[in-house]
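Every chain is numbered from 1, with letters handed out A, B, ... down the list of sequences. In this text the structure is predicted, and so the values were computed from the model without any measurement. No hydrogens, no waters, no symmetry mates; every other heavy atom, side chains included, goes into these values.
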Amino acid sequence: MISIEAQIRQRCALAIGKAFGAEHAPSAVVKAGDPRFGDYQCNSAMALSGTLGLPPRQVATRIIEHLDLADMCETPVIAGPGFINFKLQSGFVAQRIEAIAAESATLARAGVPESPHRQTVVVDYAGPNIAKEMHVGHLRSCIIGDAISRIMEFQAHRVIRQNHVGDFGTQFGMLIRLAREIQMQTGDFPPIEDLDAYYKQAAQRDREDENFAREAREAVVALQNGEPQAVALWRRIYDESRRHSAEIFQLLGLKLTPHDERGESFYAPRLFGVVEQIAETLRIGGDGGDTALDGIDTTSKGAELTTTPPEDRAEAAGALASPQALERLSDAQLPDVVRRPFACVSAGAMCVFLPGYVDKEKKPLPLIIQKADGAFLYATTDLAALRFRLVEDKLTPEDQKPLHESWLADRVIYTTDARQAQHFSMVFDTVRAMRWHIHSQSGGTVDLVHASFGSILGPDGKPFKTRSGESVKLKALLLEATERAAKVVAEKNPSLSPDRQKLIAAAVGIGAVKYADLKQDRTGDYEFVWERIISFEGNTGPYLQYAYARICSIFRKAGGIDLTGARAALVEPAEQNLARSLLKFPDIVEIAARDLKPHYICTYLYELCGLFSAFYEKCPVLKAGDAATVNSRLILCRVTQAVLKIGLQELLGIPVLDEM
RNA sequence: GCGCUCGUAGCUCAAUUGGAUAGAGCGUCGGACUACGAAUCCGAAGGUUGCAGGUUCGACUCCUGCCGGGCGCACCA
């Protein structure tokens, strides 16, 4: 079932094509800005009047002459400078509502179509560093990433969730070193249920004890070289840490599974090869020098790179293949302006230089992919991960299940905080320079997206910390949310059993935290103030859950009513408003997916609940009197219930409750 | 210094990406429970969209310059 807005857009495009030629066809159809103007509006006439040299209202008239919408809308009206306003026919609205409510299969999608062009989408989110307990810094990536993958999945895209955990970094050296010491003293593996305390102890020793610090660094090397004892200790710490993060994921209701986890350790064996390949492919410099780098103006970042013909690059790379040539380019001979991507050793580190990036002294800023001491960094891991996701044969020993087939990603979405924007920009540019984003078969390009988000701030407007200045642990935060919700549940609905109350408190409390995060445009910062987060009034999670629970309550009272063949009458304005809003749900999902902005869905659901409340106040359902009206209103309840359930639970990952 | 980002009602945020008279919630004030759940609803007050220009039928949105906040900028992630 195609969405109504899309349908009107298509018909308008058709009419514009007929009236003025296909080259003018794209039509600007959006939902009406004001209910007075109807349900949808076409803004094409004004835009077209310039290119056509006709008055906009005349253009609008011509469009309407060729427009065939008699099966859906009342006669279109031209208004203002040249808006064409559409109002859906009452009968059409009723018919669509009936069609959605008709059977469980249609109800389960509430009119949301599957995407006509299914894509394979990798969503990289959560990604905690598992040497420490998860804290608020991980919250947004978890919540937003999960919502984005749910939305895309509901559109029938093939979503591959990836939890890129930090499980192989330098901190593990300390942890291994400390574990080894405790094991030697006590004969036992250290108890690390309290991961943070253990981490702190190791960090303190690392600061204060030179020998410890040195041995910790050695432990990292041993780990990376696969030395059995180090690996065994790492494995123990890793398992314990993962138990912790799995618990948090479960509390948050994330759809991530252990199968979705490929962390730094997974890519560790690939790092050397990745650096080698990049250094080889992007090698350039020395004799070729600036001449070879000239000729391509890349004032803007990234996008320009794809225009570099591969032959050019190969030629440039081939011009200087010797290690000596690489060395010659170091430092002093770096060009002032980088005009094309290239790799070379600078100050002992293997670097990729890309157009458009400069440091404080306006000198070219590198993406370092291997440190002077030979160690790899997160840029290396990210590049290895992207190569794995885009071009690597997935039939590797570690990864035979469950995704043994080639992923052939069409999009890779990173849900990480905005401070990493430059990092990802450089990593993506490097991938493009390597042409890993070109599908080997189709020749199409992969969309690399950083779906960034702002910081969570404390009430003081500074980064959210505890009073003692430590990061707030996620487990404690979710526990507090649940406790605060429990108080309200006990007060509002004391008749529920304690077990039931506990369950509801968790869904309400954690749902409130998730909703508070999702309802805001992800690109901005927001303040975490408990009173606001856990408030049950206004645009909040509990408000929406409450609306859902009230609908469920109606159906409980109604008993086993059969709505087969029932008609939607829609006589009251409140019924009309609710029904028309329900039909807009598919378009909201569409734009939320297009922009990767879950808050569009939040805003919509909140407004829908407002309309439902108005309907609920003015239109008695079960006490309506005649059976036809009861059934008609029950259909509206049924579809509203479905939209809320899909929106909250399936798309946003916020649980709905039959009662609360 | 360079780059990114934000600045909208007292407070917290929207505004379908260039559309019509800039909308909500909280707070304030005033109303509605012998009607399906009052965790609700209805009403009122509250604005020179940081400032100044520009682009055009039309600007919170785009371009330029200021002012103010946040973040990033060579071997941490």
Side-chain angles (χ1 to χ4, degrees), chain A residues 5 28 30-34 36-37 41 43 46-47 49-50 55-56 79-83 85 127 129 166 169-171 264 301 346-351 356-363 365-373 375 377-379 381-382 416-423 425 452 454-455 457 461-462 488-489 491-493 508 519-521 523-527 529 531-532 535-540 542-543 545-547 549-550 553-554 556-558 584 587-588 590-592 594-595 599-600 602-604 606-607 610 613-614 616-618 620-624 633 637 659-660:
Chain A
E5 188 177 315
V30 293
K31 283 174 273 301
D34 190 305
R36 285 194 315 259
F37 303 134
Q41 62 184 57
N43 300 331
M46 285 92 74
S49 83
F83 297 103
N85 291 332
N129 183 322
T170 45
Q171 325 84 338
E264 291 170 343
K301 297 175 194 171
S346 172
M350 178 56 76
C351 303
Y357 301 95
V358 289
D359 66 11
K360 290 170 194 168
E361 277 94 47
K362 290 190 155 189
K363 310 255 284 201
L365 177 72
L367 179 70
I368 298 176
I369 57 175
Q370 189 173 18
K371 287 161 54 171
D373 66 4
L377 309 88
Y378 77 133
T381 315
D382 280 336
T416 68
D417 82 86
R419 285 174 300 198
Q420 299 184 44
Q422 182 174 269
H423 165 73
S425 178
S452 67
S455 309
L457 308 174
K462 289 189 285 197
V488 182
V489 173
E491 178 196 321
K492 301 278 185 189
N493 210 343
V508 170
K519 82 169 179 186
Q520 247 168 109
D521 189 327
T523 55
D525 300 343
Y526 75 91
E527 289 179 18
V529 182
E531 289 67 34
R532 273 208 294 270
S535 159
F536 299 156
E537 290 164 0
N539 190 359
T540 63
Y543 172 82
Q545 287 170 322
Y546 177 70
R550 285 210 294 197
S553 174
I554 292 174
R556 270 197 303 276
K557 285 214 160 57
K584 286 170 185 161
D587 301 304
I588 300 297
E590 172 70 32
I591 61 169
R594 181 195 66 197
D595 295 349
H599 83 275
Y600 291 161
C602 296
T603 305
Y604 167 79
Y606 174 63
E607 284 166 3
S613 288
Y616 184 89
E617 296 280 327
K618 287 187 185 124
V621 178
L622 299 176
K623 298 172 183 173
R633 291 178 177 170
C637 290
E659 55 178 358
M660 60 187 280

Practice task
Select base, sugar-phosphate, or nothing to describe what A:Asn43 touches, counting heavy atoms under 4.0 Å on all strands.
Solution key: base
Exercise for the section: Please answer whether B:A20 and A:Phe37 are stacked, defined here as ring centres separated by less than 5.5 Å and planes angled under 30°. Expected result: yes
Exercise for the section: Write down the distance separating the P atoms in B:C67 and B:C73, rounded off to the nearest Å. Expected result: 24 Å
Problem - Under the ring-ring contact (aromatic ring centres under 6.0 Å, His included) test, residues paired with A:Tyr546 that sit two or more places apart - result: none
When you compare the protein's N or O atoms with those of nucleotides 31-40 of chain B, which come within less than 3.5 Å of each other, and at what distance?
{"unit_1": "B:A35", "atom_1": "O2'", "unit_2": "A:Lys623", "atom_2": "NZ", "d": "3.1"}
{"unit_1": "B:C36", "atom_1": "O2", "unit_2": "A:Val621", "atom_2": "N", "d": "3.2"}
{"unit_1": "B:C36", "atom_1": "O2", "unit_2": "A:Leu622", "atom_2": "N", "d": "2.9"}
{"unit_1": "B:C36", "atom_1": "N3", "unit_2": "A:Val621", "atom_2": "N", "d": "2.8"}
{"unit_1": "B:C36", "atom_1": "N4", "unit_2": "A:Tyr616", "atom_2": "O", "d": "2.4"}
{"unit_1": "B:C36", "atom_1": "N4", "unit_2": "A:Cys619", "atom_2": "O", "d": "3.1"}
{"unit_1": "B:G37", "atom_1": "OP1", "unit_2": "A:Ser553", "atom_2": "OG", "d": "2.8"}
{"unit_1": "B:G37", "atom_1": "OP2", "unit_2": "A:Lys557", "atom_2": "NZ", "d": "2.8"}
{"unit_1": "B:G37", "atom_1": "O2'", "unit_2": "A:Tyr546", "atom_2": "OH", "d": "2.8"}
{"unit_1": "B:G37", "atom_1": "N7", "unit_2": "A:Ser553", "atom_2": "OG", "d": "3.3"}
{"unit_1": "B:G37", "atom_1": "O6", "unit_2": "A:Met660", "atom_2": "N", "d": "3.3"}
{"unit_1": "B:G37", "atom_1": "N1", "unit_2": "A:Met660", "atom_2": "O", "d": "3.0"}
{"unit_1": "B:G37", "atom_1": "N2", "unit_2": "A:Met660", "atom_2": "O", "d": "3.3"}
{"unit_1": "B:A38", "atom_1": "OP2", "unit_2": "A:Arg550", "atom_2": "NH1", "d": "3.3"}
{"unit_1": "B:U40", "atom_1": "OP1", "unit_2": "A:Phe536", "atom_2": "O", "d": "3.4"}
{"unit_1": "B:U40", "atom_1": "O2'", "unit_2": "A:Arg550", "atom_2": "NH2", "d": "3.4"}

Handout entry: P spacing across the pair B:U21 / B:U49, given as an integer number of angstrom
Key = 14 Å
Problem - Distance in angstrom units between A:Ile588 CD1 and B:U16 P, rounded - result: 11 Å
Handout entry: Pairwise P distance, B:A44 and B:C51 [rounded to whole Å]
Key = 28 Å
Practice task
Check every strand shown and say whether A:Ala375 touches a base, only sugar-phosphate, or nothing at a heavy-atom separation below 4.0 Å.
Solution key: nothing
Problem - Separation between the P atoms of B:U48 and B:G10, rounded to whole Å - result: 8 Å
Practice task
Could you please name the option among B:G19, B:A74, B:C2 that lies closest to any side-chain atom of A:Lys362?
Solution key: B:C2
Exercise for the section: Among the candidates B:A20, B:C2, B:A74, find the nucleotide nearest to the side-chain atoms of A:Val358. Expected result: B:C2
Handout entry: Donor-acceptor pair (no angle test) under 3.5 Å: A:Gln520 side chain, B:A14 base
Key = no
Problem - A:Tyr606/A:Tyr543 aromatic ring centres below 6.0 Å - result: yes
Exercise for the section: Spell out, as yes or no, whether a donor-acceptor pair under 3.5 Å connects the side chain of A:Ser455 to the backbone of A:Leu457. Expected result: no
Practice task
Using a 4.0 Å heavy-atom cut-off across all strands, classify A:Ala372 as base, sugar-phosphate, or nothing.
Solution key: base
Exercise for the section: Would you state whether a donor and an acceptor, one from the side chain of A:Ser346 and one from the base of B:A74, lie under 3.5 Å apart? Expected result: yes
Practice task
Pick the P atom in B:C13 and in B:G54, then give their distance to the nearest Å.
Solution key: 33 Å
Exercise for the section: In whole angstrom, give me the gap between the C1' atoms of B:U8 and B:G46. Expected result: 14 Å
Problem - Nearest to side-chain heavy atoms of A:Arg532, which nucleotide of B:G19, B:C11, B:U16 - result: B:C11
Handout entry: Separation between the C1' atoms of B:C71 and B:A24, rounded to whole Å
Key = 29 Å
Handout entry: Integer angstrom distance from the P of B:G1 to that of B:U12
Key = 28 Å
Practice task
Select one nucleotide: of B:A14, B:G1, B:U16, the one nearest the side-chain heavy atoms of A:His599.
Solution key: B:A14
Problem - Base of B:A77 paired with side chain of A:Asp382 (donor-acceptor, under 3.5 Å) - result: no
Practice task
Answer with base, sugar-phosphate or nothing: what part of the nucleic acid does A:Glu531 contact at a heavy-atom distance below 4.0 Å?
Solution key: nothing
Exercise for the section: Hunt down any stem RNA chain B takes part in, defined as 3 or more consecutive Watson-Crick or G-U pairs whose two distances are each under 3.5 Å. Expected result: B:1-5 with B:69-73, B:10-13 with B:23-26, B:28-32 with B:40-44, B:50-54 with B:62-66
